Every structure is written in C-alpha cells, then in structure tokens.
Number of protein chains: 2
Amino acid sequence: MALARKPADPLHAFAAHDHGNCSRDALARAEAITTAAGARLTPVRRRALEILLEDHRALGAYDVLNRLAGEGFGNQPPVAYRALEFLVAHGLAHRIQRLNAFTACTHIGNAHSPAFLICRSCSTVAEAAAGAIRTALDAAADEQGFVVEMSTIEALGLCPACRSAAA
Amino acid sequence: MALARKPADPLHAFAAHDHGNCSRDALARAEAITTAAGARLTPVRRRALEILLEDHRALGAYDVLNRLAGEGFGNQPPVAYRALEFLVAHGLAHRIQRLNAFTACTHIGNAHSPAFLICRSCSTVAEAAAGAIRTALDAAADEQGFVVEMSTIEALGLCPACRSAAA
DNA sequence: TCTATGTATGTTATATTATAACAGGTCAAC
DNA sequence: GTTGACCTGTTATAATATAACATACATAGA
C-alpha cells in the first residue's frame, strides 16, 4: 500500500520534496484524524483541503471558494468559510493572520501551534517548531502577570531559494 | 514644566498608572519624534493618536473614523486609514493583526517590534519586550534557512486583573 | 422501516475591513 | 508669487467575513 509510508519527518515547505507524496500523506492523515474525532471529511471539506494542499502557499477564502464553485459546490462565501473553519478546527489547516488566508497544515496529527515563515518573494509558507519561541513568549508575558492561552507567531522574510536567487 | 518628566519606564498597560501622564507623555514624545523625522503631526493625525491613547485597547479603523468624523474631520475611510498608517509608520501606534485594529504605542521612541499581550476578557493590549522571543524565532527560522525580516507576535490570554477577577 | 435528531449544505442578505483614483488646499523653498 | 511636495477630502469599489434561514442528508433508536 503506497499510503502506508513512514511519515516524512522534519520535511518542510522550503525543502525539495516529492509533493505528490506530501499531499497524499496529508490527505490520508486527515481522513484518519477526522474519523477518530467522530467528524466527517465530507466532499467540500476534503476538496477544500486538497486545494490548499496543491502547494505550500496560503489561499484566501475567496480563492478557495472560486475553485469550489467551479467544481459544482456552492458559490457563496459561507461554503468556503465553513469548510476552512472545519479544517482549522481539526488541525488540518492554519489561518495566517497577516495574510487573511489559509494554508494546509504540514504536520497533521502533531498537536501544535507553530510559527509561520512566510516568504515575501515566492509566498511559500512553512511551519517552524514554536516550542522555544512559545517558552520565551510565556516568560515575557509572565513578567506582566499575563497568562498566554493562544499565540500568533508569523514571520515575513526570505526563504532559502529566494535568498540565493537574490544573491 | 509638567511634561518634562523622566520617562516612566517599564510601565505597562496592565499596571495601575496615572493614565493622564501616560498619554500626555506619549503625545509629547510623538511631537518630538515626528519633528525630528521632518514629518508633521497634523491635526487629524494628532487627534487620531489622542483617540488611541484614551485607553490601552485596540480600536478598529472605523471606530477611529467615527470619532474623527464626529469632530469635524472627513468621514470617509481613507481619512482614518491614512492617519493610522502615518502613526504606524512613525512608530506611534501598532497594528494588531488578530484584531484588525490599532493601538497606541506605549514605548514611543524605543525602536522596537514588540510582542502584544491581548486580554480576551477586558481587551486591554500590552506590549512585551520581544528580544528573547525574536531570538528564538530567528533560530527556528534559521534551521530552515529562512531569514526573518519582520515578525508578528501576538498572544491572547488573561491579564492579571481579569485573572484575579475570575478566581 | 420509519422517524426523530443532529449535522451539513446552500442561499439571501448584509456587515466589516480596506484601497484606488482623483480634486482641491496648504505650505515652504526657491 | 510660483513650483512642488504633501496633506486632506471625496467618490467609488474591492476584499474579507458573518448572520439567519431553508433544505437535505445521515444515522441511531423505535
């Protein structure tokens, strides 16, 4: 069975990789996770995820909506927003605040609240482990008696490829 | 001269403080900074800043616009967006991405790119030193060969007062 | 099998946030 | 006193997001 691969591990968006496997993997995990949660990865939801998985970029809700509408799904904003909301709620996608956009999760199944690295040149979005960052944030917050419940950590900059290209 | 005070130092939004001084200070510094930069703190801009300084919350552009319009300034969106853009460009205010809103800077003059602590109960927004956080973020990014140019770090949680109130 | 229930989808309508493009006014430098 | 830069204001529209309701579908219990 081609799908039963060892999860590609610290594979990140900027690294060269077999993207076909990357997205098939993600989809298989998504099925598993939603089933385990007693939720349903219905056709719109699944298709929305597939669209996000096409590349490591963030798409606006209306971009996703247009794609869905073109394929016979409803063409009103709630169709896209609801599908995306579902994906985010189940950890299958993330919302990028700076971009008002959504990106497929590249670490489905690992509970996490990652930092995002957004290339200003090619728009690729990668996830970075936020553990140490979150620790530092908690410490800074604690100095003011503040308790962090959720955090948004997003960086804008240049990915390795665009950096070499610029040089 | 009442205005020539020693800058209140690690004064933060959650701490009890003389808010009158707090905002007078900010305004005085804002004048100094814009003058030094060869920019002009015109009446709309100054008033927009005063409105943001009224408390340590974030206001949407349209909230600011309504206030300005009520005081005889223009009442079309660009009036507010332009004033806010100016304030942000000169480090007199910050944009909070999670809230699509703006808050007066509480550390005017210290070049900084702070982390924001947003209380989900009272909506107060405080700034926290982001040095260590930024270091951790840079390190995480570096593992993927990514170079961070700007970062957005925003935390949602409970401020000390709301935490005690909840207990 | 039938039906009650919860859940999902689709629609209409509207709210909220944001920007483009242009006209007129102010002000300081020359 | 005119030029040029910048600021304000306007009209118009774009982009993002949600409320509210109607219909359909899946499935568990009778």
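Numbers restart at 1 for each chain; the letters A, B, ... are given by sequence-line order, proteins then strands. These numbers come from the heavy atoms of this one structure, side chains and all, not from hydrogens, waters or symmetry mates. The structure displayed is predicted, hence computed values, not measured ones.
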Residues B:His94, B:His107; criterion side chain to side chain contact (heavy atoms under 4.5 Å, CB included); working and verdict
CA-CA 11 Å; B:His94 299 288; B:His107 298 81; over 6 Å; no
Distances for protein N or O near nucleotides 10-20 of chain C N or O, under 3.5 Å:
{"from": "C:dG10", "atom 1": "N7", "to": "A:Arg82", "atom 2": "NH2", "distance (Å)": "2.2"}
{"from": "C:dG10", "atom 1": "O6", "to": "A:Arg82", "atom 2": "NH1", "distance (Å)": "3.0"}
{"from": "C:dA18", "atom 1": "OP1", "to": "B:Arg95", "atom 2": "NH2", "distance (Å)": "2.0"}
{"from": "C:dA18", "atom 1": "OP2", "to": "B:Tyr81", "atom 2": "OH", "distance (Å)": "3.0"}
{"from": "C:dA18", "atom 1": "OP2", "to": "B:Arg95", "atom 2": "NH2", "distance (Å)": "3.3"}
{"from": "C:dA18", "atom 1": "O5'", "to": "B:Tyr81", "atom 2": "OH", "distance (Å)": "3.3"}
{"from": "C:dA18", "atom 1": "N7", "to": "B:Tyr62", "atom 2": "OH", "distance (Å)": "2.5"}
{"from": "C:dA18", "atom 1": "N6", "to": "B:Tyr62", "atom 2": "OH", "distance (Å)": "3.3"}

Could you walk me through whether A:Ser123 and A:Arg57 pass the side-chain hydrogen bond (donor to acceptor under 3.5 Å, both in side chains) test, one step at a time?
CA-CA 6 Å; A:Ser123 303; A:Arg57 291 204 172 71; 4.8 Å; no
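- Nucleotide D:dT16 holds its P atom 19 Å from the CZ atom of B:Arg98, rounded to whole Å.
- In this structure, B:Leu65 places its CG atom 13 Å from C1' of D:dT8, rounding to the nearest Å.
- OP1 or OP2 of C:dT9 sits under 4.0 Å from a side-chain N or O of A:Arg45.
- Rounding to whole angstrom units, CG of residue A:Leu84 and C1' of C:dT9 are separated by 15 Å.
- For the pair A:Asn21 (side chain) and A:Asp18 (backbone), a donor-acceptor distance under 3.5 Å is absent.
- Between the side chain of A:Glu127 and the backbone N or O of A:His12 there is no donor-acceptor pair closer than 3.5 Å.
- Within the structure, no pair that satisfies the side chain to side chain donor-acceptor pair (under 3.5 Å) test touches residues 75-85 of chain B, not counting sequence neighbours.
- Under the side chain to side chain contact (heavy atoms under 4.5 Å, CB included) criterion, B:Glu143 pairs with no residue, sequence neighbours left out.
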